[in-house]
Amino acid sequence: MTEVVHTPRVFSGIQPSGGLTLGNYLGAIKRFVEMQADGIESIYCMVDLHAITVWQDPDKLRHATRELCAGYIAAGLDPAKSILFNQSQVAEHVQLSWIFNCVARMGWMNRMTQFKDKAGKNRENASVGLFSYPTLMAADILVYHATHVPVGEDQKQHLELTRDIATKFNHDFGTDFFPITEPVIEGAATRVMSLRDGTKKMSKSDPSDMSRINMTDDADAIAQKIRKAKTDPDALPSEAGGLEGRAEAQNLINIYAALAEMSVEDVLGEVGGKQFSAFKPMLVDLAVARLSPISAEMDRLMQDEAEIDAILADGSERARAIAAPILKKTYEIVGMVGA
Ligand code: TRP
C-alpha cells in the first residue's frame with residue numbers, strides 16, 4: 001500500500017449556543033486567526049447540528065449562529081481566506097457521521113466523559129444525538145481530510161476517538177483513505193476560567209453572567225465583572241511558581257498575558273508585588289481596549305443579516321466542494337452502489 005501524504009488543512013468548530021465569551025476568543029478564535037495568518041488552508045464551522053443535541057430555541061439558534069459568524073470575522077477571520085460556514089448546510093457531515101456510527105464501537109462511546117458530564121444523572125433522558133455527538137465531530141473533521149484540529153483540552157478525548165475511527169475504517173476496508181488527525185491542544189495558558197471559580201471553565205452555559213465576559217459586553221459590564229471577580233487576599237507573586245494553588249490569581253494573570261500577548265513571566269515581572277486592587281484596573285483597561293473594537297465590529301456586522309447569510313452560503317458552497325468528493329469516495333470504499 002502506498003503511503004498517502006495529506007496536505008495540511010485546519011478544521012475547527014464552535015457551537016452556536018448562547019453568546020461568545022472571552023474563553024471562546026482567547027482559547028479558540030484568536031488561534032484560528034493566527035493559523036489563517038500562517039497561510040494554511042483553514043475551515044471554521046458553526047456547528048449548529050451539535051448545538052441541538054440539547055434543546056435550542058430556534059430563533060435564538062439563528063441569532064447565535066449569525067453572531068458567531070460575526071464574532072469570527074470581527075476577531076480577524078477573513079471569509080475570503082478561511083472558509084466560514086454553518087454545519088447544517090453541508091449535508092456530507094451527517095452522511096459521513098452515519099458511516100462512522102457503524103465504525104465506532106459502543107464501548108468507545110461509553111467512555112466519553114463529555115457525554116457523562118452533560119447527561120448528568122438523568123442519562124435515560126439525554127438525547128441520542130448527545131450520545132452520538134462525537135461521531136458527528138469525527139465526520140466534521142474527516143469529511144475534509146483535515147490534518148490539524150485546534151481545540152481546547154476538553155475535546156482531547158473526542159479527537160482521540162476521531163483517530164480511532166479513522167484507524168479502524170482504514171483497517172476494516174484495507175485503505176489509508178482517512179488521515180490520522182493531529183490534535184493541536186491549547187495549553188492551560190489559553191484556557192480561560194470562570195471569574196467566580198478559577199477551577200471551572202468560563203462557560204456560556206454558567207447560570208451566573210458574572211462568571212464570564214461576553215464578547216458583546218460593553219466597557220461598563222467588563223469593568224464591573226473584573227472588579228467583582230473572585231480573588232484571594234495576597235499580593236501577586238513575581239514568579240509563575242507563586243501562582244500555584246491560586247486558581248483565581250492564575251486565571252486573571254493568564255487573561256492579562258493572553259490579551260497583552262505577553263508571557264506570564266513578563267506580566268509578573270511588571271505586576272509582581274501589587275495587590276489585586278491595583279492590578280484589576282490595569283486588567284479592565286486592557287480588556288476594554290482589546291475587546292471593544294471587536295464588539296463594535298460584531299454590532300456593525302449584525303446590522304446586516306443578509307450579508308452574514310451570504311457569507312455563510314458562500315462558505316458552505318466552498319466547503320461542499322471539498323467534502324462531496326471525499327464522501328463519494330467513502331461510499332465507494334464501503335460498497336454503496338451509485339453513479
Ligand atoms: N465539540 C467541540 C466543542 O464543543 C465543537 C466541535 C464540533 C468541533 N465539531 C468539531 C471542534 C470539529 C473541532 C472540530 O468545543
Side-chain angles (χ1 to χ4, degrees), residues 8-32 35 40-54 56 61 64-65 68-69 71-72 77 82-90 92-97 100-101 104 109 112-119 127 129-166 178-186 190-192 201-206 212 315 319 322-323 326:
R9 183 180 284 149
V10 177
F11 182 94
S12 195
I14 297 180
Q15 290 193 41
S17 48
L20 266 181
T21 69
L22 181 66
N24 297 126
Y25 174 60
L26 292 178
I29 301 177
K30 197 159 170 284
R31 302 191 63 226
F32 300 172
M35 293 183 117
I40 309 171
E41 180 178 27
S42 316
I43 307 172
Y44 298 118
C45 189
M46 287 125 254
V47 290
D48 48 10
L49 294 170
H50 275 112
I52 62 164
T53 54
V54 295
Q56 302 293 327
L61 178 61
T65 302
L68 179 51
C69 183
Y72 276 153
L77 289 178
S82 298
I83 297 180
L84 307 181
F85 76 106
N86 55 320
Q87 187 184 29
S88 59
Q89 301 309 299
V90 179
E92 283 78 1
H93 292 234
V94 178
Q95 293 174 292
L96 186 60
S97 80
F100 288 169
N101 277 340
M109 302 298 285
M112 295 294 114
T113 57
Q114 182 171 297
F115 173 75
K116 292 181 199 167
D117 292 346
K118 288 202 177 175
S127 73
L130 191 66
F131 184 72
S132 64
Y133 178 116
T135 56
L136 178 59
M137 179 162 163
D140 294 339
I141 296 165
L142 293 173
V143 84
Y144 300 99
H145 277 188
T147 53
H148 294 78
V149 181
V151 284
E153 181 76 27
D154 62 324
Q155 294 301 309
K156 204 171 159 185
Q157 197 185 32
H158 290 162
L159 285 191
E160 280 158 9
L161 183 90
T162 301
R163 292 162 67 92
D164 289 344
I165 288 175
F178 285 114
I180 309 304
T181 304
E182 282 305 321
V184 187
I185 306 282
E186 296 137 17
T190 47
R191 179 130 48 104
V192 180
K201 195 174 142 176
M202 182 179 285
S203 161
K204 43 196 156 195
S205 52
D206 191 309
R212 65 183 155 260
I322 302 171
I326 292 177

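No hydrogens, no waters, no symmetry mates; every other heavy atom, side chains included, goes into these values. On a predicted model such as this, the values are computed, not experimentally measured, just so you know. Both ligands and their constituent atoms are indexed starting at 1 by order of listing.
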So does Asp206 pair up with Arg212, basic N to acidic O under 4.0 Å?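 No.
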
His145 ring center within less than 6.0 Å of Phe11 ring center: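 No, too far apart.
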
Where do Tyr72 and Cys45 come nearest, in terms of heavy atoms and distance?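 Looking at all heavy atoms of both residues, the closest pair is OH-O, 2.9 Å.
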
With [X] via ring pair (Phe, Tyr, Trp, His ring centres under 6.0 Å) - residues at least two apart:
X: His50; answer: Tyr133
X: Phe100; answer: Phe178
X: Tyr25; answer: none

So if I only count non-hydrogen atoms and take anything under 4.0 Å from ligand 1, which residues does that give, chain by chain?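 Lining ligand 1: Phe11, Ser12, Gly13, Gln15, Val47, His50, Tyr133, Met137, Asp140, Ile141, Val149, Val151, Gln155.
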
